[in-house]
Structures are given as C-alpha cells and as structure tokens.
Number of protein chains: 2
Amino acid sequence: MKSDRKSQIIQTAAKLFREHGYNSVSMRDLADKLGIKAASLYNHIKSKEEILAEIIMDLAFDFTKHIDAVEQKEISIIDKLKEIIQMHVQTTIYKTDSLACMNKEWKHLGEEKQEIFLELRGKYEAKFLQMIKRGIEKGELDMKNAEITVFSILSTLRTLYHWYSNQSVIKEQELINTLQHNLLFGIVAVETAHKINLK
Amino acid sequence: MKSDRKSQIIQTAAKLFREHGYNSVSMRDLADKLGIKAASLYNHIKSKEEILAEIIMDLAFDFTKHIDAVEQKEISIIDKLKEIIQMHVQTTIYKTDSLACMNKEWKHLGEEKQEIFLELRGKYEAKFLQMIKRGIEKGELDMKNAEITVFSILSTLRTLYHWYSNQSVIKEQELINTLQHNLLFGIVAVETAHKINLK
DNA sequence: GTCTATAACGCGATAGAC
DNA sequence: GTCTATCGCGTTATAGAC
C-alpha cells in the first residue's frame, strides 16, 4: 500500500495542479508546499507524471465502477440518471481537487495512461448514451438528440467543481436535488410550457 | 490595425494553445507551424502572453456586448435565453479555437488582463442571473435555485466546443434548437413528468 | 522581416554525503 | 529520508548581421 508520505504528496499535488495547472507547478513548488526539497520527492515517487497518473486513474476507475453498478439495478431510467447525478455531485464535493485534475490535465498523462483513460471515458459516455436511448424507448424520456443530451448533462456535472468551490453555504442534498430537477425536467414553468405549446 | 501577419500568428497560436495548452506550446512550435524561426515572431508581437491576451480579450468583449444588447430588447425572458444560447453555439462553431483558449487558458493571462477578464465574466454571469430571476418573477420560469441554473446552463454552453469538434455532421440550427429545448424544457417526457407529479 | 547566435533562467531528475 | 550540488536540456526573449 501507499506510504502516508506518498499520499500526502499526491494530495498536495492535486491541489496545486488544480489551482495552477500541471505544467505551471514545478517539483520545487510542490516540495516547498510540503516543507522539503525537490530532490527528496524522488524517494517517494518516480516522476512528476506518475503523480498525475495516480490522481487521475483512481478516480476514472471509480466512475466506471459506479456506472456499471447502476446499469445492473432494476429501477427506472430516471432513477438511474438521478443516481449518476448524485455520484457526480458527491465526487465534486469530496474529491474536488482530483476531479479537477482529471478533467483539466488528462492530456499530460503519458501515452499508455492516456489511452486507458480515454477508453474508460469513452465507455462511460457510451453507457450513459445507452441509458438515455433506453429511456426514450420506454417513453420515460423525450428529446431531439440523445448525443447532445449526454454531452450537455455530463458537461454540467464535470465542471460543477468550478462553481462549487466558490460556494460555501449550499448543502449537498440541495445541490443534488436542484441539479436532478434542472437537468431532467428543465426550468420553464409548466403553464408557460403549455402556452408555448412546444411540448 | 493588425497586420495580416500578426492576425495569422494569433490564429495559429489559438489553434495550438487549444490543442496542447498554453504552457505546452513553445514559441519554437508556433514559429515552426508558420514556417519561420522563433526570433522572427518578435517583429510582430511583444511576448507570448500578449498573443494569449489578444485571443481572449477580444472574445470576452464580444460576449459582454451581446448580453448587453439582449438585455435591452423588449422580448420575453425565454426568448432572451434562446438568443443567448444561439450566440454561444455560433461562437462555438465560428470561433472554436479562441473560445477554447478563453475557457481553458485565462489563468495564464498577466495580472491586469486577468483582472479585467474576471470582471467581464462576473458581470456576464450577474446579468444572466438577473434574467433568470426576472423570468421567475414573471412566472415564465420555475426552479429551485437560480444560481445553480446559471452555472448549469453556462457550463454546457462554455464547454460545447469539446463535444462539437468531434462532430462533423450536425447542423448549426439543429444544435441551437436541441440545446434551447434541453436546457429550458428538460428531457423527461410530459406524461412521465405528470405521473411523477414533481412538477 | 527573417536569420544566427546567445543570454538568462527554470525545469525534471540524479549522485552521493549525512 | 532529507540534504546539497549539479547535470543536461528547454524556455522566452534579445542583439545584431543580412
């Protein structure tokens, strides 16, 4: 297992990478934050890139495991989507820095790691799309273009950390409820929607 | 006005910055792409950072001007939101690289430029929020939390370029229509929404 | 306006003393 | 496990010839 020191390095790095970007954070910056010299870092990690890979890959596998579990459940598509939204919100709250690194810095992974990451990400999106399409078949959902919907929902969930870090007061459950409602049911008042007769 | 060569440098830089990130693109890379030597760039631009500033600030002012114009119009809030969505989609399509730079690389602007950018961005979000709140007052809109709604819609619109660049077939108008519908009216089928009785 | 040459500096990573 | 010292390389930017 990881030594405590290694985890500490990775967590500190995640925070710095998130704030300033992978390329803008030097090993000297990271060492300073930890109160040691840059050379000492190499007793715990092999390279700067290894740090990034540990941050990102762990989280990428978490997402994969979660959507696989949700896929298996025997509940409505809407409830499946709600569970996925909830998982993204919780990851945003409890693993903010790692999530930001994953979304912003994956291009700086080495070739092999990047390939694995993109495969995981692609499969995640494909499973999400399948869920949406199944929802349309079952009559639970209704939209013009399932692909755009997948992108639209995921882009909100993926960048939630941008916005969340500026908020101090909002409660986890309120955030989950509001996003579930907005993303699934929209924001236009029912009576207005009827009048417009678009739906 | 800008010399043709300068515009060419800025456009090429925008594309490279978007693809590899500001820090990962060296002046040599940029010069190579233009078929000259790195030193020659400095006959046209003062610094690497100046290039980034030109890319970003122009676009930031475009967005500000647009929302100001929409604000003045005497149309419904829903129509105002539709116009804003349309403007974001068109910027995504016709100024893809600059938009990507603005969203991903603004942290690498110098201190003063960054301050101006953040002020413009903050005011844009404030105006968007005011529109949403006015929509609720007028009974056109209905949601739990206007702030989350602003974030949610803007995050979809701001990251649209991620997804759009992988698509070759979708037509501009279809993209505009689908996003307007999803973001405003949601994706759940009307009958299902009634059954769930959440709305 | 482009070139060659180079200054001045910061980077990731290593060697070896303690 | 942390330190000092340093290597080798890449970076932005400038000086001056053509």
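Since the model is a prediction, treat every value here as computed from it, not as a measurement. Each chain gets a letter, A, B and so on, in the order the sequences are listed, and its residues count up from 1.
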Query raised in the report: Can you tell me how far P of dT4(D) sits from CD1 of I36(A), to the nearest Å?
Result: 12 Å
Requested in this report: In whole angstrom, give the distance that lies between atom CG of L30(A) and atom C1' of dA13(C).
Outcome: 14 Å
**Report entry** Minimum-distance pair of heavy atoms, taken over all atoms of K80(B) and K73(B)
**Finding:** CE-O, 3.3 Å
**Report entry** Flag, side chain of T156(B) to backbone of S152(A), donor-acceptor distance under 3.5 Å
**Finding:** yes
Query - Nucleic acid footprint by protein, nucleotides 11-18 of chain D - heavy-atom cut-off 4.0 Å, B for base, S for sugar-phosphate alone - result: BBBBB---
Please report, to 0.1 Å, the donor-acceptor pairs under 3.5 Å made by any side chain of residues 9-17 of chain A, with sequence neighbours excluded.
unit_1, atom_1, unit_2, atom_2, d
T12(A), OG1, Q8(A), O, 2.7

**Report entry** Contacts of E71(B) that satisfy side chain to side chain donor-acceptor pair (under 3.5 Å) - sequence neighbours left out
**Finding:** none
Requested in this report: Keeping the roles fixed (side chain from T192(A), backbone from V188(A)), state whether a donor-acceptor pair exists under 3.5 Å.
Outcome: no
Query raised in the report: So, is S40(A) close to the dG1(D) phosphate, meaning a side-chain N or O under 4.0 Å from OP1 or OP2?
Result: no
Requested in this report: Specify the separation, in whole Å, of atom CG of D32(A) and atom C1' of dG10(C).
Outcome: 14 Å
Query raised in the report: With a 6.0 Å cut-off on ring centres, are F151(A) and H162(B) close enough?
Result: no
Query - Length of the NZ-P vector between K6(A) and dG1(D), whole Å - result: 12 Å
